[in-house]
Amino acid sequence: MKYVEFDQTRPMDLVLIGRVAIDFNPVDYFHPLSECTTFKKYVGGSPANIAVGITRHGKKAGFIGKVSDDQFGEYVVDFFNKEGIDTSHITKCTNGEKLGLTFTEILSREESSILMYRNCIADLQLSVDDIDEEYIKNTKAILVSGTALAQSPSREAVLKAVMLAKKNETKIIFDIDYREYNWKNSDEISIYYSLVAREADIIMGSREEFDLTEKLIKPGRTDKESAQAWNNENAKIVVIKHGKKGSTAYTNDGNDYSIKPFPVEALKGFGGGDGYASGFLYGVFEGWDMIECLEFGSAEAAMMVRSHSCSEELPNPQEVKDFIRETKDKYGEMIARV
Ligand SMILES: Nc1ncnc2c1ncn2[C@@H]1O[C@H](COP(=O)(O)OP(=O)(O)OP(=O)(O)O)[C@@H](O)[C@H]1O
Ligand SMILES: O=C(O)C[C@@H](O)[C@H](O)C(=O)CO
């Protein structure tokens, strides 16, 4: 069953727009950040991680973004190139802006946090001149990370991409991806999130992220009410995530499908969302039934919360299938399905 009809003649599957940054994850984890002395460097930033994930699933991805004109900028572009992600639309900042640095804190298996260095930030320098209509015309879908809407000029760049996607019948995936430290006030969040959500074919976010989106429209909606409202706009699929409690996909035929997290011994609390998006969207591109897409997303999310990185350990489809098989053999066939 196909929920989204992609134009199969287009060479690119997914173009992601937003931040690529660098994660420094503690090697001596289970200590407060102030006590950690050793960190491992990875490419990070939610849309960058999803670009890696989707490429490892054999899909052709490209990235529209801004990086710093320095060794770290080169590092992320080299990493993308090695992964097979098209970097032709990643440009360097010209005024000394720097890539975001993310120091993560893994206090325990249950408690993690993220400390971002994002002053004079490269990714939000993306401008309307970086958005090329031909590039958007040649991809089946774009994925907009909500963080890219936080400030100008990136905000206008994203809105231009969304307008051109509409014009060229390129599908729009909106990953709300709320990162508090980028925003000045909650009205702006609701204004810009809802603008993109209205146009999107697929919306993915947590309950909190939908609440932020709907603040100026109708606060206090239930999941079902939110899904119905966005399904009545353009969304074919609305995914609402509840962290460790699981997630539900609402399709525009009025059905809903729920999945529980796969049981794993988590190492950290972040990174699951990007694994989830990679696995879930792979299933959607393949035209799978919704419950299969959710199962793949949930499995990949579980694999990522037990991993040290949010990018380097993203699995390929066979590894996800093996993980699902092994987990079902251990816990029973219906382990994750509600
Ligand atoms: N402890 C866990 N064990 C197994 N799966 C988990 C666990 N925590 C989260 N997940 C999975 O990861 C998915 C995404 O988690 P969450 O809702 O926290 O997303 P997010 O905030 O987008 O994540 P991220 O930090 O990557 O941005 C969940 O829906 C669930 O399937
Ligand atoms: O960029 C972030 O918001 C956090 C990163 O540490 C991480 O790569 C991530 O994006 C998890 O979703």
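Everything quoted here is computed from the prediction, not taken from an experiment. First listed ligand is number 1; within each ligand, the first listed atom is number 1.
The hydrophobic cluster analysis finds Tyr42 isolated: no Ile, Leu, Val, Met, Phe, Trp or Tyr side chain comes under 4.5 Å of it, directly or through other members.
Aromatic ring orientation, Phe323 versus Phe262: tilted (interplanar angle from 30° to 60°).
Of the listed residues (Val77, Val52, Ile54, Val20), just one forms a side-chain contact (heavy atoms from CB on, under 4.5 Å) with Ile85, and that residue is Val52. Partner of Lys140 under the side-chain hydrogen bond (donor to acceptor under 3.5 Å, both in side chains) criterion, chosen from Thr9, Asp13, Asp7, Thr170: Asp13.
When heavy-atom distances to ligand 2 are checked against a 4.0 Å cut-off, Thr147 has no atom that comes that close, whether in backbone or side chain.
The distance criterion of under 3.5 Å between nitrogen or oxygen atoms is not met by Ile114 with respect to ligand 2. At least one N/O-N/O distance between Asp274 and ligand 2 falls below 3.5 Å. Residue Thr102 has no nitrogen or oxygen atom sitting less than 3.5 Å from a nitrogen or oxygen atom of ligand 2, judged on distance alone.
Nearest non-hydrogen protein atom to atom 3 (O) of ligand 2 is Arg179 NE, 2.4 Å. Scanning the protein for heavy atoms near atom 2 (C) of ligand 2, the closest one is Arg19 NH2, 3.2 Å. Closest to atom 8 (O) of ligand 2 among all protein heavy atoms lies Asp23 OD2, 2.6 Å.
Cation-pi check for Arg155 over Tyr192 is met; the charged atom lies under 6.0 angstrom from the ring centroid and within 45 degrees of its normal. Cation-pi check for Lys82 over Phe79 is not met; the charged atom does not lie both under 6.0 angstrom from the ring centroid and within 45 degrees of its normal.
In this structure, Tyr181 is part of the shell of residues with a heavy atom less than 4.0 angstrom from ligand 2. Using 4.0 Å as the threshold, Ala21 has no heavy atom nearer than that to any atom of ligand 2.
Near Gly44, meaning under 4.0 Å from any of its heavy atoms, are these atoms of ligand 2: 8 (O). For ligand 2, the atoms closer than 4.0 angstrom to any heavy atom of Ser46 are 10 (O).
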N/O to N/O under 3.5 Å, ligand 1 against protein:
unit_1, atom_1, unit_2, atom_2, d
ligand 1, 17 (O), Gly243, N, 3.2
ligand 1, 22 (O), Lys241, NZ, 3.1
ligand 1, 23 (O), Gly273, N, 3.2
ligand 1, 25 (O), Gly271, N, 3.4
ligand 1, 26 (O), Gly271, N, 2.9
ligand 1, 26 (O), Gly272, N, 3.2
ligand 1, 26 (O), Gly273, N, 2.8
ligand 1, 27 (O), Arg179, NH2, 3.2

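Between Tyr117 and Thr102 the shortest side-chain heavy-atom distance does not fall below 4.5 Å. Within the 4.5 Å cutoff, the side chain of Glu300 has no heavy atoms near those of the Phe280 side chain. Within the 4.5 Å cutoff, the side chain of Lys166 has heavy atoms near those of the Asn234 side chain.
Aromatic ring centres of Tyr257 and Tyr250: separated by at least 6.0 Å. Aromatic ring centres of Tyr282 and Phe296: separated by under 6.0 Å.
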